[in-house]
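To keep things clear, I will list the structure first and then write my remarks on it.
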Amino acid sequence: MGDQTLTFPRLEADKLEPHLPPRECSTPFVTLTFATSLDSALSLAPGTRTALSGPQSKAMTHYLRSRHDAICIGVGTAVADDPGLNCRIQGVGATQQPRPVVIDPNLRWQFTRQSKVLQLAKSGRGLAPFIITTTGTALSPEQQDLLEEHGGKYIALDRDAVTQRVQWRDILLALQSEGLHSLMVEGGGEVINSLLEPGANHLIDSVIVTIAPTWLGRGGVVVSPARRVDAHGHPIPAARLADTNWIPLGEDVVLCGRLAGSKET
Ligand SMILES: NC(=O)c1ccc[n+]([C@@H]2O[C@H](COP(=O)([O-])OP(=O)(O)OC[C@H]3O[C@@H](n4cnc5c(N)ncnc54)[C@H](O)[C@@H]3O)[C@@H](O)[C@H]2O)c1
Ligand SMILES: Nc1nc(=O)c(N)c(NC[C@H](O)[C@H](O)[C@H](O)COP(=O)(O)O)[nH]1
């Protein structure tokens with residue numbers, strides 16, 4: 001996403017305010033946010049990064065980062081994007097950077113000293129990641145040293161016995177015990193779809209989606225959570241937003257809301 005400093009106008013920031021974590025929050029506040037095409041795609045293919053946001057909504061994403069303690073992605077995104085995961089809003093200094101969190105249960109991410117997130121941590125323009133992995137996974141001492149040298153660490157959590165995934169509730173509790181009280185979940189597809197499933201979506205406090213005026217076409221990484229069924233086994237919608245606010249930003253529109261039927265914001 002480039003390296004220049006970004007600004008986000010106060011007028012637009014005020015419109016987002018009802019959808020953001022309060023300045024002080026004790027329980028973890030979870031914001032789900034991503035950029036999507038008109039056909040619900042996050043990128044053209046799993047291993048590639050696709051620019052969807054225009055300049056104004058890109059600045060908004062960095063403004064959102066300035067308002068959260070931590071930002072979370074899955075390992076698929078870490079591998080595809082070599083992300084920076086810092087905040088480049090003008091005036092946000094080294095002490096106000098969000099903590100990157102990468103969910104990597106099987107330690108697929110082979111980060112190096114050259115990885116963007118570690119370079120930014122080294123130069124004081126961001127923080128090194130906390131990597132969520134699973135209990136019993138063998139850590140490489142070299143990777144662990146490299147991560148800790150930059151101020152990051154591994155956090156090992158148990159897998160859920162049924163799904164074999166790490167439960168979102170456990171991730172939030174672990175982050176809370178690290179003093180991280182608001183989390184911005186950025187993607188990718190598997191992370192977003194798993195968070196939108198019925199067992200987890202009650203944990204989402206706010207949803208902020210950038211919709212770009214483009215169709216990426218079939219074969220991309222899409223946001224499309226598993227369907228639910230009613231008592232008769234008939235499919236019903238997976239989730240819906242309530243209290244929506246549509247904010248045009250350049251050629252994009254930003255859709256804010258909360259999940260209908262989930263906890264109050
Ligand atoms: N447009 C956007 O806003 C946006 C945002 C983020 C990523 N992306 C794109 O999305 C693509 C990557 O998406 P993806 O679906 O391939 O990967 P992903 O980033 O969702 O990572 C998937 C991996 O994360 C782990 N994971 C996710 N949820 C888990 C859970 N609950 N428990 C345990 N492990 C879990 C698993 O190992 C899984 O294989 C890339 O192309 C990236 O550029 C786009
Ligand atoms: N808002 C937004 N608009 C986009 O057009 C786009 N492609 C992403 N993508 C998000 C992204 O894939 C992950 O959140 C990154 O991996 C973060 O990377 P940076 O810190 O920006 O380097 N996000």
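Whatever order the structure lists ligands and atoms in, that order sets their numbers, starting from 1.
- Where the criterion is an N or O separation shorter than 3.5 Å, residue side chain and backbone included, His62 fails it with respect to ligand 2.
- With respect to Pro98, the side chain to side chain contact (heavy atoms under 4.5 Å, CB included) criterion is satisfied by exactly one of Ser182, Ser66, Cys87: Cys87.
- For residues 29-42, the pairs satisfying side chain to side chain donor-acceptor pair (under 3.5 Å) are Thr31-His68, Ser37-Asp39, with sequence neighbours left out.
- A salt bridge links Arg258 with Asp243: at least one charged nitrogen is closer than 4.0 Å to a carboxylate oxygen.
- No N or O atom of Asp82 sits closer than 3.5 Å to an N or O atom of ligand 2.
- Follow the hydrophobic side-chain contacts under 4.5 Å out from Leu32 and you reach Leu175 in the same cluster.
- Residue contact check: Ser53 has heavy atoms under 4.0 Å from atoms 1 (N), 2 (C), 3 (N), 4 (C), 5 (O) of ligand 2.
- Note on residues 175-202: pairs passing salt bridge (charged side-chain N to carboxylate O under 4.0 Å, His left out), not counting sequence neighbours, are Arg65-Glu186, Lys153-Glu178, Arg165-Glu197.
- Atoms of ligand 2 lying under 4.0 Å from any heavy atom of Asp81, numbered from 1 in the order shown and given with element: 11 (C), 12 (O), 13 (C), 15 (C), 16 (O).
- Under a 4.0 angstrom heavy-atom cut-off, Leu85 registers as being in contact with ligand 2.
- Both the backbone and the side chain of Leu52 come within 4.0 Å of ligand 2, judged by heavy-atom distances.
- Heavy-atom separations between Ala51 and ligand 2 include at least one value shorter than 4.0 Å.
- Every atom of ligand 2 is numbered from 1 in the order shown, and the set under 4.0 Å from a heavy atom of Glu186 is 13 (C), 14 (O).
- Remark: the Gln97 side chain and the Asn86 side chain contain no N/O donor-acceptor pair separated by less than 3.5 Å.
- The main-chain N or O of Cys256 is never found under 3.5 Å from a side-chain atom of Asn245 such that the two would form a donor-acceptor pair.
- For atom 21 (O) of ligand 2, the nearest non-hydrogen atom from the set Met184, Met60, Arg49 comes from Arg49.
- The cluster map of Ile, Leu, Val, Met, Phe, Trp and Tyr, joined by side-chain heavy atoms under 4.5 Å apart, puts Val209 and Ile73 in different clusters.
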Next item on the list: Start with the C-alpha gap between Val79 and Gln110, add the side-chain angles, then the distance that decides, and say whether side chain to side chain contact (heavy atoms under 4.5 Å, CB included) holds.
Entry: CA-CA 8 Å; Val79 170; Gln110 296 299 307; over 6 Å; no
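- Applying the 4.0 Å criterion to heavy atoms of Thr77 picks out, from ligand 2, the atoms 12 (O), 13 (C), 16 (O).
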Counting only pairs under 3.5 Å, give me each side-chain donor-acceptor contact of residues 222-235, with atom names and distances, residues two or more places apart or in other chains.
from	atom 1	to	atom 2	distance (Å)
Arg228	NE	Pro237	O	3.2
Arg228	NE	Ala238	O	3.4
Arg228	NH2	Pro237	O	3.2
Asp230	OD1	His232	N	2.8
Asp230	OD1	Gly233	N	3.1
Asp230	OD1	His234	N	2.9

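- Interface of Ala35 with ligand 2, defined as ligand atoms under 4.0 Å from a residue heavy atom, comprises 1 (N), 2 (C), 3 (N), 4 (C).
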Checklist line | Evaluation steps, side chain to side chain contact (heavy atoms under 4.5 Å, CB included), between Thr244 and Leu255 | finding: CA-CA 7 Å; Thr244 56; Leu255 167 60; 3.9 Å; yes
Any protein N or O within less than 3.5 Å of an N or O in ligand 1? List each pair with its distance, or say none.
from	atom 1	to	atom 2	distance (Å)
ligand 1	1 (N)	Ala35	O	2.8
ligand 1	1 (N)	Leu42	O	3.2
ligand 1	3 (O)	Ala35	N	2.8
ligand 1	13 (O)	Gly189	N	3.3
ligand 1	15 (O)	Gly189	N	3.1
ligand 1	15 (O)	Glu190	N	2.9
ligand 1	19 (O)	Gly74	O	3.4
ligand 1	19 (O)	Thr77	N	2.9
ligand 1	19 (O)	Thr77	OG1	2.6
ligand 1	19 (O)	Gly188	N	3.0
ligand 1	20 (O)	Gly188	N	3.3
ligand 1	20 (O)	Glu190	N	3.1
ligand 1	20 (O)	Val191	N	3.0
ligand 1	21 (O)	Gly76	N	3.1
ligand 1	31 (N)	Val166	O	3.4
ligand 1	32 (N)	Val166	N	3.1
ligand 1	32 (N)	Val166	O	3.4
ligand 1	39 (O)	Glu190	OE2	3.2
ligand 1	41 (O)	Ser43	OG	2.8
ligand 1	41 (O)	Ala45	O	3.3
ligand 1	41 (O)	Pro46	O	3.0
ligand 1	41 (O)	Thr48	O	2.6
ligand 1	43 (O)	Thr48	O	3.3
ligand 1	43 (O)	Asp81	OD1	2.8
ligand 1	43 (O)	Asp81	OD2	3.4

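- By the criterion of a heavy-atom distance under 4.0 Å, the backbone of Thr50, and not its side chain, is placed next to ligand 2.
- Between Pro83 and ligand 2, no pair of N/O atoms sits closer than 3.5 Å.
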Next item on the list: Given side chain to side chain contact (heavy atoms under 4.5 Å, CB included), test Leu6 with Gln90 step by step and report yes or no.
Entry: CA-CA 6 Å; Leu6 303 166; Gln90 196 170 34; over 6 Å; no
